[in-house]
2 protein chains.
Amino acid sequence: MTTATETLQGDEELSLVFSALGNPTRRSIVRRLALGPATVSVLAEPFRMTLPAVSKHISLLERAGLVHLERRGRSRLCTLRAEAIVEAESWLESCRVYWTDTLDSLARHLEDGDAPQGGS
Amino acid sequence: MTTATETLQGDEELSLVFSALGNPTRRSIVRRLALGPATVSVLAEPFRMTLPAVSKHISLLERAGLVHLERRGRSRLCTLRAEAIVEAESWLESCRVYWTDTLDSLARHLEDGDAPQGGS
DNA sequence: GGTTAAGTTAACTAAATGGTTAACTATCAA
DNA sequence: TTGATAGTTAACCATTTAGTTAACTTAACC
């Protein structure tokens with residue numbers, strides 16, 4: 001069995017993760033799973049939509065590598081995959097770091113009396 | 001003038017931010033902006049798509065609150081809004097924290113000989 | 001004023017999303 | 001074996017997305 005992390009290119013996986021989190025229903029599911037594993041029907045309970053709809057959301061989360069599905073008798077146990085969360089978080093952090101560094105160097109330039117104006 | 005943060009509900013804004021980052025072109029633009037502000041045409045340069053396409057991506061990033069657009073003569077200067085990045089990052093972090101806490105309490109339960117099986 | 005440069009808006013298209021209902025599969029229980 | 005439970009798959013629909021080309025606006029330049 002191959003995991004999403006193995007088969008997908010990093011960039012492609014990031015797209016799937018961020019897109020998945022772009023939907024409020026799926027974010028709710030992820031928050032719920034952050035508290036601990038749960039079955040599909042338990043996850044579906046809070047929502048007014050049909051089970052197939054929730055099922056599709058969960059499949060999408062799985063394809064994105066955000067949840068892991070495991071057969072437990074006739075139900076399926078969903079577990080949050082922290083790795084995917086961490087990867088997305090790292091990407092955001094790297095952007096923030098660059099940005100902060102830029103501000104720092106900007107401040108230095110200003111102190112030198114230099115006028116920075118971002119070209120290519 | 002009202003900013004996206006003021007007019008949008010937090011949940012709705014998170015949706016826009018994550019969806020925006022779900023696209024590789026827009027992530028590229030964000031990474032570029034992390035190095036410093038840039039005009040629309042400069043941002044468009046690396047891509048093989050037309051200017052209107054890039055323009056729409058940038059508008060979307062603006063609606064999501066990820067970039068700030070400012071008129072500079074006949075061109076527009078785009079700046080990354082770190083607040084939006086931080087908000088998304090915080091959401092992810094909160095999930096990770098819960099998850100870690102859950103693992104901790106799971107470990108405690110196991111030490112007590114208790115069998116935890118995630119119900120509602 | 002006329003032209004070029006920078007960018008947006010409009011109108012269109014193909015594909016993906018998010019939902020529905022209906023039918024199906026698989027497991028547990030009587 | 002019959003039936004209920006848990007969930008997926010299929011077929012469909014409306015809306016959104018990501019791109020295109022063509023036309024428009026606005027500011028700088030001669």
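Chain naming here is simple, since letters A, B, ... match the order of the sequence lines and numbering starts at 1 in each.
- Between the CZ atom of A/R48 and the P atom of C/dG18 there is a distance of 18 Å, rounded to whole Å.
- Across all strands shown, B/T50 has heavy atoms under 4.0 Å from base atoms, whether or not it also approaches the sugar-phosphate.
- Taking every side-chain heavy atom of A/V40 into account, D/dT8 is the closest of D/dT8, C/dT8, C/dG18.
- Take the nearest nucleotide of DNA chain C for B/L51 and for B/K56: the residue whose nucleotide is more 5' is B/L51.
- B/R26 has a side-chain polar atom (N or O) that falls below the 4.0 Å cut-off from OP1 or OP2 of D/dA18.
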TODO: Begin with the C-alpha distance, continue with both residues' side-chain angles, and end with the deciding distance and a verdict on side-chain contact (heavy atoms from CB on, under 4.5 Å) for A/H68 and A/E62.
DONE: CA-CA 6 Å; A/H68 175 241; A/E62 191 192 17; 5.8 Å; no
- [ ] Take A/H57 and A/R26 through the test side-chain hydrogen bond (donor to acceptor under 3.5 Å, both in side chains) and record every step on the way to the result.
- [x] CA-CA 6 Å; A/H57 279 303; A/R26 287 191 295 261; 3.0 Å; yes
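- Nearest approach of B/S75 to B/T39, heavy atoms of both residues: OG-CG2, 4.0 Å.
- Taking atom CG on B/L69 and atom C1' on C/dT9, their separation rounds to 15 Å, with Å as the unit.
- Whole-Å rounding puts the A/R76 CZ to C/dC28 P distance at 13 Å.
- Under the 4.5 Å side-chain heavy-atom criterion for Ile, Leu, Val, Met, Phe, Trp and Tyr, A/I58 and A/L51 are members of the same hydrophobic cluster.
- For the side-chain contact (heavy atoms from CB on, under 4.5 Å) test, no residue two or more places apart in sequence or in another chain qualifies with B/S19.
- In this entry the distance linking CZ of B/R27 with P of D/dA18 reads 12 Å, nearest Å.
- Using cut-offs of 30° and 60° for the angle between ring planes, the B/W91 and B/F18 rings count as perpendicular.
- At D/dA18, one or more side-chain N or O atoms of B/N23 fall inside 4.0 Å of OP1 or OP2 (strictly under the cut-off).
- Of the candidate nucleotides C/dT20, C/dA6, D/dT20, D/dT20 has the atom lying nearest to any side-chain atom of B/P52.
- Dashed line: the shortest gap from a side-chain N or O of A/H57 to OP1 or OP2 of C/dG19 is under 4.0 Å.
- Taking atom CD1 on B/I58 and atom P on D/dA18, their separation rounds to 14 Å, with Å as the unit.
- If you measure from atom CG of B/L61 to atom P of C/dT8, you get 12 Å, rounded to the nearest angstrom.
- A salt bridge links B/E89 to A/R96: one of the charged nitrogens lies within less than 4.0 Å of a carboxylate oxygen.
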What's touching nucleotides 28-30 of chain D from the protein side, N or O pairs under 3.5 Å?
none

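- Here the side chain of A/R71 is nearest to one of D/dA27, D/dG19, C/dA26, namely C/dA26.
- Nearer the 5' end of DNA chain D, as judged by each residue's closest nucleotide, is the contact made by A/V54, out of A/V54 and B/S19.
- Here C/dA6 presents its C1' atom at 13 Å from CG of B/L77, a figure rounded to the nearest Å.
- Shown here are the side-chain contact (heavy atoms from CB on, under 4.5 Å) partners of A/A53, two or more places apart in sequence or in another chain: A/M49, A/T50.
- For B/R63 and C/dT8, the CZ to C1' distance is 15 Å, given to the nearest whole Å.
- In the set C/dT8, C/dG18, C/dA6, C/dG18 carries the atom at the smallest distance from any side-chain atom of A/L60.
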